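The figures that follow rest on heavy atoms only: side chains count, while hydrogens, waters and symmetry mates do not. The chains referred to below are lettered A, B, ... by the order of the sequence lines, with proteins before strands, and numbering in each begins at 1. Model, not experiment: these values are computed from the prediction.
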2 protein chains.
Amino acid sequence: MESAHVIRALGALAQEHRLATFRLLVQAGPEGMAAGAIAESLGVPPSSMSFHLAQLANAGLITSLRQSRSIIYTADYAAMNALMGYLTTNCCAGVPCTAEASCPPQPTITIPTITKDVA
Amino acid sequence: MESAHVIRALGALAQEHRLATFRLLVQAGPEGMAAGAIAESLGVPPSSMSFHLAQLANAGLITSLRQSRSIIYTADYAAMNALMGYLTTNCCAGVPCTAEASCPPQPTITIPTITKDVA
DNA sequence: GTCATAATTCCATAATAATCGAATCATAGG
DNA sequence: CCTATGATTCGATTATTATGGAATTATGAC
């Protein structure tokens, strides 16, 4: 995975609707979701949704498959993992972070949202 | 780390010069690098470099410290790890689907909020 | 204070990205 | 063929981001 590709992937995720879309698709699992269902779920108009889905697909983060009249989008876990791999290898763990300044084993984060929207 | 913050971090890294800058700073380690040295190293004019450094700093990915006439920038490993943590927890590993794997109906991630500011 | 250096801010410009209604394309069912 | 539905493309508009020269601020040495 070269940097141009990584930049496209990062840029694809660096947008409110697209990050939400990707997360939704990850939760949807291998079944995926139809474009319209995603749009409705996120409250984004169809034409805007298409634009964002195209961006994500172009970045290789999601794949599409027509199924009758619907087009089903699915998160590409492998692509996500490749991105993570690039970031950890080249941006973080790949460097011998000396001593205490090194990458701590436990990311101290604040996670406010509990994601479960089966409703 | 809430999604707005994540989006800023992703957006900060989703740019050629900034990704290169961040990687350079990671390699530089805790010593960091002066703004001018980074600019020269990447072949970016000073004013543009300042702009990009500000973006990265604003996203919390790097920190700055004046040292005599230079301003030394350092990669914030913790912030990077927090970003990774968010992505793995909420976008990837949170749903145990690696590749084609089965997605057990258990997407509920009940994470006890460990509040720790990453500024 | 003056000069030199390091970096930033200012500002105008150019380039890219986001939005969304309307038109179009693709498929399915009668 | 005709109609309905799901989705995309088109096109015009707005918003955001990137660029880099010139002016400015901050520090250090004399």
Visitor: Quick one: L42(B) CG to dG20(D) P, roughly how many Å, whole number?
Guide: 13 Å

Visitor: If I take atom CG in residue L65(A) and atom P in nucleotide dT27(C), what distance separates them, rounded to the nearest angstrom?
Guide: 12 Å

Visitor: Please give, in whole Å, the distance from dA18(D) C1' to L56(B) CG?
Guide: 14 Å

Visitor: What nucleic acid atoms does A34(B) come within less than 4.0 Å of, heavy atoms only: base, sugar-phosphate, or nothing?
Guide: sugar-phosphate

Visitor: What is the distance, to the nearest angstrom, from the CE atom on M49(A) to the C1' atom on dA17(C)?
Guide: 15 Å

Visitor: What's the CD1-C1' distance between I7(A) and dT16(C), to the nearest Å?
Guide: 14 Å

Visitor: Under a 4.5 Å side-chain heavy-atom rule over Ile, Leu, Val, Met, Phe, Trp and Tyr, are I72(B) and L56(B) clustered together?
Guide: no

Visitor: Measure the distance from CD on Q67(A) to P on dA26(C) and round it to the nearest whole Å.
Guide: 19 Å

Visitor: Nearest whole Å is fine: how far is dT9(D) P from L53(A) CG?
Guide: 11 Å

Visitor: In a table with atom names and distances, give each donor-acceptor pair under 3.5 Å that connects a side chain of residues 14-21 of chain B to protein atoms at least two apart or in another chain.
Guide:
| residue | atom | partner | partner atom | Å |
| --- | --- | --- | --- | --- |
| Q15(B) | OE1 | H17(B) | N | 2.8 |
| Q15(B) | OE1 | R18(B) | N | 3.3 |
| R18(B) | NE | A12(B) | O | 2.7 |
| R18(B) | NH1 | H52(B) | ND1 | 3.1 |
| R18(B) | NH2 | G11(B) | O | 3.2 |
| T21(B) | OG1 | H17(B) | O | 2.6 |

Visitor: Taking the side chain as every heavy atom from C-beta outward, state whether L13(A) and V6(B) have any pair of such atoms under 4.5 Å apart.
Guide: no

Visitor: Over how many whole Å does the gap from R8(A) atom CZ to dT16(C) atom C1' extend?
Guide: 15 Å

Visitor: So which of residues 68-75 of chain A are in contact with DNA chain C, with a heavy-atom cut-off of under 4.0 Å?
Guide: S68(A), R69(A)

Visitor: Would you tabulate the nitrogen or oxygen pairs shorter than 3.5 Å linking the protein to nucleotides 19-24 of chain C?
Guide:
| residue | atom | partner | partner atom | Å |
| --- | --- | --- | --- | --- |
| dT19(C) | OP2 | H52(A) | NE2 | 2.5 |
| dG21(C) | N7 | S47(A) | OG | 3.2 |
| dG21(C) | O6 | S47(A) | OG | 3.2 |

Visitor: Looking only at heavy atoms, which two atoms of S41(A) and L24(A) are closest? And how far apart?
Guide: OG-CD2, 3.6 Å

Visitor: Go through dT9(C), dT8(D), dA18(D) for me and flag the one nearest to the S50(B) side chain.
Guide: dT9(C)

Visitor: Can you give me the closest heavy-atom contact between A9(B) and L61(B), atom names plus distance?
Guide: O-CD1, 3.7 Å

Visitor: Under the 3.5 angstrom rule, does the side chain of R23(B) hit a backbone N or O of L25(B) as a donor-acceptor pair?
Guide: no

Visitor: Assigning hydrophobic clusters by single linkage (Ile, Leu, Val, Met, Phe, Trp, Tyr; side-chain heavy-atom cutoff under 4.5 Å), is I71(B) placed with V26(B)?
Guide: yes

Visitor: Linking I/L/V/M/F/W/Y whenever their side-chain heavy atoms sit closer than 4.5 Å, directly or via other members, would I7(A) and F51(B) fall into one cluster?
Guide: no

Visitor: Does the side chain of F22(A) reach to within under 4.5 Å of the side chain of M80(A), using non-hydrogen atoms?
Guide: yes

